Amino acid sequence: MSELGIHTQAEILSQPSVWAKTLDEFGQKSPSLIRAWRNDSPRQVLFIGCGSSYYLAQTVSRLFRSLTGIPSQACPASELFLFPAQVLADPRQTLLIAISRSGTTTEVLVAVEQFRRLGGPAAWAITCYPESTLAQIADEALTATAAQEKSLAQTRSFTSMLLLAQALATSLGQQETAVLARLPEVGQELLAGMAALAAGIGQRPDLNQFFFLGSGALYGLAGEAMLKIKEMSLSHSESYHFLEFRHGPKALVNSQSLVVGLLSAEAYAHEHQVLLEMGQLGAETLALAPRTNASGMTYSVALGADLPDWALPVLYLPPVQLLAYHRAVGKGLDPDNPRHLQAVVHLDIRNES
Ligand code: F1P
């Protein structure tokens, strides 16, 4: 057993049990959150975050809009305090939801403080640390305490914070949250079922560039998948909306490329066609398909049998996390501590803006 990435591997494999604990933690808070939402009655929601948490914000903003009907958008935390007029149409009618695993990333704290200076009425937090600065300054905090990590790379923290946002959107949208309670079991089967495949692909030194394609709410997940394999294994990786990949980036595709498609149920035919075309250009293709395996691929993983589309997003990442882990360890790297990175970016800018 490799000493490299011991925390990362354990945290990836613990996700199903951590998801169950996270849903329990949400259930204890949901009544007060629903009351606060009704009291705030926001006309729109702005999600912010940095790095992995920004990609999470992108995913969650699309899920929120589709499940609640409330206009929602996402931007990096830095954009909110550097270009507020470009980001905030009407601060007084906006609910800000700040996402941060640590709850201490300076850009996120500065963005919340700027939002309040602009008259923003309510700022909520999604974090893994209830005692963090962000959780303390927020009006409401959704927390995934069980998802705290020792590894720098966000894995269970990302999917658990995504689950918190899904549970909130589901509750607000009057959907049946019991469906989410099935995810731990489906996730456990998924991780067990694709462990060997992730190791096999991860340990292929001939693959040297990775493209992650996702559309709609899955575009943010494609971005997180791109970042995971970049951070953990120092590999060249890019992420695009599915159909955008034809408009130039596909020029890079060759036999050392792995094109990973996060297929949605909604746009499946269009997305599947892109993957088939990339295979014809010589790329290896991996399809993460919502229900049944995709035809004509080099590799295919079917995620979750009979779950509704809106419950699927958390399931797309564990396969990619495992692949990134195996590729890192196969290259002799430690995904627990990626080169040049620190777990939290602290800057000396809190009194500038
Ligand atoms: C944000 C973040 C991570 C990134 C790295 C540095 O942290 O950018 O997304 O992977 O660990 O910090 P946080 O605000 O979510 O704690």
Side-chain angles (χ1 to χ4, degrees), residues 33 36-37 40 42-65 70-145 147-149 152-154 157-158 160-162 164-165 168 220 223-224 226-227 230-231 338 340-353:
L33 292 170
W37 174 274
D40 293 340
R43 294 272 181 83
Q44 62 227 350
V45 184
L46 174 61
F47 293 89
I48 62 169
C50 299
S52 291
S53 299
Y54 166 53
Y55 294 119
L56 178 52
Q58 283 185 314
T59 300
V60 167
S61 67
R62 286 298 187 93
L63 282 175
F64 225 79
R65 184 175 194 128
I70 302 286
S72 307
Q73 63 178 63
C75 74
S78 55
E79 290 285 293
L80 175 47
F81 63 83
L82 294 175
F83 307 100
Q86 295 180 24
V87 166
L88 273 174
D90 183 355
R92 288 175 173 72
Q93 301 292 335
T94 302
L95 168 64
L96 180 70
I97 300 185
I99 303 173
S100 173
R101 167 181 65 177
S102 63
T104 64
T105 296
T106 306
E107 291 148 87
V108 173
L109 302 179
V110 171
V112 172
E113 289 159 359
Q114 173 78 347
F115 175 73
R116 293 208 193 279
R117 277 197 293 275
L118 293 167
W124 292 18
I126 298 180
T127 182
C128 295
Y129 292 87
E131 306 310 315
S132 64
T133 309
L134 176 63
Q136 300 307 312
I137 67 174
D139 299 289
E140 299 292 338
L142 289 80
T143 53
T145 316
Q148 293 175 5
E149 290 155 329
L152 184 150
Q154 291 197 20
S157 60
F158 185 99
S160 297
M161 292 193 289
L162 171 52
L164 283 173
L168 177 64
E224 168 59 7
M226 172 277 293
L227 184 61
K230 188 172 284 171
E231 283 182 342
H340 300 336
L341 299 185
Q342 62 267 41
V344 187
V345 176
H346 289 136
L347 305 173
D348 184 17
I349 58 170
R350 280 197 74 182
N351 303 315
E352 275 179 17
S353 64

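Because the structure is a prediction, the values reported are computed rather than measured. For the numbers below, each heavy atom of this structure counts, side chains included, while hydrogens, waters and symmetry mates do not.
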Can you tell if the side chain of [X] reaches within under 4.5 Å of the side chain of [Y], non-hydrogen atoms only?
| X | Y | value |
| --- | --- | --- |
| Leu162 | Leu63 | yes |
| Pro76 | Tyr55 | no |
| Phe115 | Leu46 | no |
| Val108 | Cys50 | yes |
| Asp90 | Gln44 | yes |
| Leu33 | Trp124 | yes |

How far does [atom1] of [X] sit from [atom2] of [Y], to the nearest 0.5 angstrom?
| X | Y | atom1 | atom2 | answer |
| --- | --- | --- | --- | --- |
| Leu80 | Leu118 | CG | CG | 7.5 Å |
| Ser53 | Phe47 | OG | CZ | 13.0 Å |
| Ile70 | Arg43 | CD1 | CZ | 10.0 Å |
| Glu231 | Ser52 | CD | OG | 5.0 Å |
| Gln148 | Tyr129 | CD | OH | 4.0 Å |
| Leu88 | Cys75 | CG | SG | 7.5 Å |

Hey, does the side chain of [X] reach the backbone of [Y] with a donor-acceptor pair shorter than 3.5 angstrom?
| X | Y | value |
| --- | --- | --- |
| Gln73 | Val87 | yes |
| Thr143 | Cys128 | no |
| Gln114 | Leu109 | no |
| Ser102 | Thr104 | yes |
| Asp139 | Ala123 | yes |

Please report the closest heavy-atom contact between [X] and [Y], naming both atoms and the distance.
| X | Y | value |
| --- | --- | --- |
| Pro121 | Arg116 | O-NH1, 4.4 Å |
| Ala122 | Leu95 | O-CD1, 3.4 Å |
| Ala343 | Arg101 | O-NH2, 3.6 Å |

Practice problem: Could you tell me which residues satisfy side-chain contact (heavy atoms from CB on, under 4.5 Å) with Ala125, sequence neighbours excluded, listed by chain and number? | Solution: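 In terms of side-chain contact (heavy atoms from CB on, under 4.5 Å), with neighbours along the sequence ignored, Ala125 is linked to Leu134, Ala138, Ala141.
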
Quiz item: Residues in side-chain contact (heavy atoms from CB on, under 4.5 Å) with Arg62, at least two apart?
Solution: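 Partners of Arg62 by the side-chain contact (heavy atoms from CB on, under 4.5 Å) criterion, ordered by chain and then number, come out as Ala217.
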
Quiz prompt | Trp37/Phe64 aromatic ring centres below 6.0 Å | solution =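 Ring centres of Phe64 and Trp37 closer than 6.0 Å.
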
